[in-house]
Number of protein chains: 2
Amino acid sequence: MQKLTAQRQAILDMINRFDKHWDADEIAYALKEEGISIGIATVYRGLAALADQGLIESIQLADKKRYERADKSHHDHLVCTGCGSIEEFCEPQIESLQDKVAEERGFKIEGHQLLLFGLCKTCKAEES
Amino acid sequence: MQKLTAQRQAILDMINRFDKHWDADEIAYALKEEGISIGIATVYRGLAALADQGLIESIQLADKKRYERADKSHHDHLVCTGCGSIEEFCEPQIESLQDKVAEERGFKIEGHQLLLFGLCKTCKAEES
DNA sequence: ATAACGAATGATAATCACTATCGATACAAT
DNA sequence: ATTGTATCGATAGTGATTATCATTCGTTAT
């Protein structure tokens with residue numbers, strides 16, 4: 001049984017306080033800035049436990065896992081290959097098409113991940 | 001300028017011969033089985049070069065990159081969390097919805113990846 | 001209270017996929 | 001033949017994540 005310890009509470013608070021996509025190092029650094037020092041292994045375990053309990057959400061990028069608040073409706077992500085920023089979008093029609101595809105094949109969906117890669121508005125404008 | 005060397009040709013042949021999703025180690029092992037021994041770094045570089053030239057395609061899973069034939073129409077993937085098998089599907093409507101979302105936000109799409117995780121037909125049946 | 005048990009912590013070693021380095025080699029153009 | 005560019009292969013390095021393990025925390029049973 002998973003416990004919501006002081007360390008995990010601190011991680012959760014940090015993620016809930018800012019609307020961004022955190023990796024483990026960023027969490028550890030941000031906590032240290034506030035005088036809360038947590039071992040990096042504990043940060044990894046804490047993030048996994050919190051995601052397990054549905055208190056935060058995760059997206060798996062190619063190089064690392066990032067975590068965000070869970071108190072939002074489901075959404076997918078636009079990842080800018082220029083500046084690394086991550087935007088969110090919600091498109092229920094895509095979800096229902098996914099369900100349709102899965103059903104046609106007898107596949108039981110447990111989860112999905114849709115990433116759109118490209119240039120965000122700002123980076124697109126900066127292109128010559 | 002990229003060259004299609006003997007090593008890269010061997011990798012390409014192997015991928016074209018079987019309809020599956022290969023990782024670098026699998027390629028190296030399969031080639032060794034046929035008496036063709038290639039350094040693992042060369043396999044990684046070869047796969048990257050071939051994908052770069054559009055001769056093969058890649059999908060990025062959480063843990064590793066996998067490569068497949070490129071002589072098929074565009075498709076996305078169903079990844080079975082039970083047996084690790086990978087199915088493919090094609091849903092043009094999802095693609096056009098993605099384009100719509102991107103356009104609405106001034107985002108210039110360079111690529112995308114849609115993974116559906118869950119249980120394939122076989123693994124679903126095996127569940128009690 | 002306190003003993004006992006399960007879970008978490010934190011420092012650090014280990015793992016794993018992948019990339020960088022570098023001397024050697026292949027091949028094409030001069 | 002010489003020069004140049006790209007590749008090769010062995011191996012060291014990288015970076016994110018996980019495993020190990022002795023210690024500590026919290027809770028429950030005595």
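Below, read A as the first sequence line, B as the second, and so on, with proteins coming before strands; counting in each chain starts at 1.
Comparing Lys64(A) and Ile38(B), the nucleotide of DNA chain D nearest to each residue sits closer to the 5' end for Ile38(B). Between Lys3(B) and Arg45(B), the residue anchored closer to the 5' end of DNA chain C is Arg45(B), taking for each the nucleotide with the nearest heavy atom.
With hydrogens and angles ignored, the 3.5 Å screen pairs a side-chain donor or acceptor of Gln53(A) with a backbone N or O of Ala49(A). Arg66(A) contributes a side-chain N or O that, together with a main-chain N or O of His21(A), makes up a donor-acceptor pair within less than 3.5 Å. With hydrogens and angles ignored, the 3.5 Å screen pairs a side-chain donor or acceptor of Glu26(A) with a backbone N or O of Asp23(A). Side-chain N or O atoms of Gln113(B) include one that pairs as donor or acceptor with a backbone N or O of Gln60(B) at under 3.5 Å. Checking side-chain atoms of Thr81(A) against main-chain N and O of Gly118(A) turns up a donor-acceptor pair under 3.5 Å.
Among the protein residues, Thr5(B) comes within range of the sugar-phosphate backbone only, with heavy atoms under 4.0 Å from sugar or phosphate atoms but none that close to a base. Within 4.0 Å of Asp63(A), counting heavy atoms only, lie sugar-phosphate atoms of the nucleic acid but no base atom.
Taking atom OH of residue Tyr44(A) and atom P of nucleotide dA16(D), one finds them 6 Å apart after rounding to whole Å. Atom CG in Leu61(A) sits roughly 17 Å away from atom P in dG15(D) (whole-Å rounding). The distance between atom CD1 of Ile40(B) and atom P of dT7(D), rounded to the nearest whole Å, is 18 Å. Taking atom CG of Asp25(A) as the reference point, atom P of dT18(D) lies 13 Å away to the nearest angstrom.
Side-chain atoms of His77(A) and Glu68(A) form a donor-acceptor pair, as typed in the model, at a separation below 3.5 Å.
First and last contacting nucleotides of DNA chain C toward chain B (any atom under 4.0 angstrom from a heavy atom, 5' to 3' order): dA17(C) to dT21(C).
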